Visitor: 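The structure's right below; bear with me while I get my questions together.
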Amino acid sequence: MGRKRYSSDFKLEIVKQYRLGTAVSKLSSEYGISEVTIYKWIKLYAPIDGVVDMTKAEVLSVQKENERLKQEVDILKKAITIFATK
């Protein structure tokens with residue numbers, strides 16, 4: 001059996017319920033998710049100290065997008081070099 005994948009919206013809903021006072025043990029039994037997984041989500045979606053309104057998940061998303069854009073720029077630079085020599 002493979003690992004179950006959950007949407008970001010679902011994870012955020014679980015974290016929201018936790019922040020509203022629902023115990024992790026109750027969330028775990030109610031949704032069939034391990035407590036360890038829920039604690040990981042809580043950490044993932046917790047605000048980062050010193051960064052206004054950004055969670056770790058958002059930072060990771062921005063980093064991933066930044067890497068993709070760097071790769072695109074590198075490809076365009078190579079294309080410009082090829083066209084400039086013709």
Side-chain angles (χ1 to χ4, degrees):
M1 186 170 137
R3 288 176 22 163
K4 196 166 183 183
R5 312 251 323 143
Y6 299 96
S7 71
S8 295
D9 289 338
F10 179 78
K11 293 174 186 178
L12 284 167
E13 181 59 34
I14 297 297
V15 172
K16 179 182 172 186
Q17 288 184 35
Y18 166 77
R19 289 185 181 147
L20 291 173
T22 307
V24 171
S25 58
K26 183 173 187 222
L27 291 168
S28 175
S29 62
E30 187 173 329
Y31 291 98
I33 305 165
S34 76
E35 290 186 22
V36 171
T37 298
I38 294 171
Y39 281 116
K40 284 181 185 177
W41 295 349
I42 291 166
K43 185 176 180 181
L44 182 65
Y45 291 103
I48 297 174
D49 292 336
V51 179
V52 178
D53 294 332
M54 284 198 81
T55 66
K56 184 175 180 180
E58 291 168 325
V59 170
L60 292 173
S61 175
V62 169
Q63 287 175 334
K64 185 176 180 180
E65 176 69 4
N66 189 36
E67 188 59 37
R68 186 187 65 77
L69 292 171
K70 284 180 183 179
Q71 290 174 352
E72 285 184 16
V73 168
D74 287 342
I75 291 168
L76 291 172
K77 284 180 182 178
K78 290 175 186 174
I80 288 171
T81 303
I82 291 168
F83 290 119
T85 58
K86 289 187 176 184

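Remember, it's a predicted structure, so these values are computed and weren't measured experimentally.
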Visitor: Applying a strict under-4.5 Å side-chain criterion to I, L, V, M, F, W and Y, I'd like to know whether L44 and V59 cluster together.
Guide: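 No, separate clusters.
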Visitor: With rounding to the nearest 0.5 angstrom, report the CD1 to NZ distance, I42 to K40.
Guide: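 The CD1 atom of I42 sits 12.5 Å away from the NZ atom of K40.
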Visitor: Let me confirm one number: the CZ-CG distance from R19 to L12, rounded to the nearest 0.5 Å.
Guide: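 Answer for the CZ-CG pair, R19 versus L12, is 8.0 Å.
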Visitor: Are Q71 and D74 packed together at the side-chain level, in the sense that at least one heavy-atom pair is separated by less than 4.5 angstrom?
Guide: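 When only atoms from C-beta onward are counted, D74 and Q71 do not touch, as no gap falls below 4.5 Å.
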Visitor: Output, in order, the C-alpha distance, side-chain angles, deciding distance and verdict of side chain to side chain donor-acceptor pair (under 3.5 Å) for Y31 and Q17.
Guide: CA-CA 12 Å; Y31 291 98; Q17 288 184 35; 3.0 Å; yes
Visitor: From L60 CG over to E65 CD, what is the distance, rounded to the nearest 0.5 angstrom?
Guide: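 Going from the CG atom of L60 to the CD atom of E65 covers 13.5 Å.
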Visitor: Calculate, to the nearest 0.5 Å, the distance between atoms OG1 and CD belonging to T37 and E35 respectively.
Guide: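 Going from OG1 on T37 over to CD on E35, the span is 10.0 Å.
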Visitor: Distance from I38 atom CD1 to K26 atom NZ, nearest 0.5 Å?
Guide: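 One finds 12.0 Å between CD1 of I38 and NZ of K26.
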Visitor: Under a single-linkage definition using a 4.5 Å side-chain heavy-atom cutoff for Ile, Leu, Val, Met, Phe, Trp and Tyr, are Y45 and V62 assigned to the same hydrophobic cluster?
Guide: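 Hydrophobic grouping puts Y45 apart from V62.
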Visitor: What distance separates T55 OG1 from E58 CD, expressed to the nearest 0.5 Å?
Guide: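 These two atoms lie 3.5 Å from each other.
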Visitor: Taking the six-membered ring for Trp, is the centroid-to-centroid distance between Y6 and W41 below 6.0 Å?
Guide: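 Ring centres of W41 and Y6 closer than 6.0 Å.
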Visitor: Locate the shortest heavy-atom distance separating K56 from K43; write the atom from each residue and the value.
Guide: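 That closest heavy-atom pairing would be CB-O, 4.4 Å.
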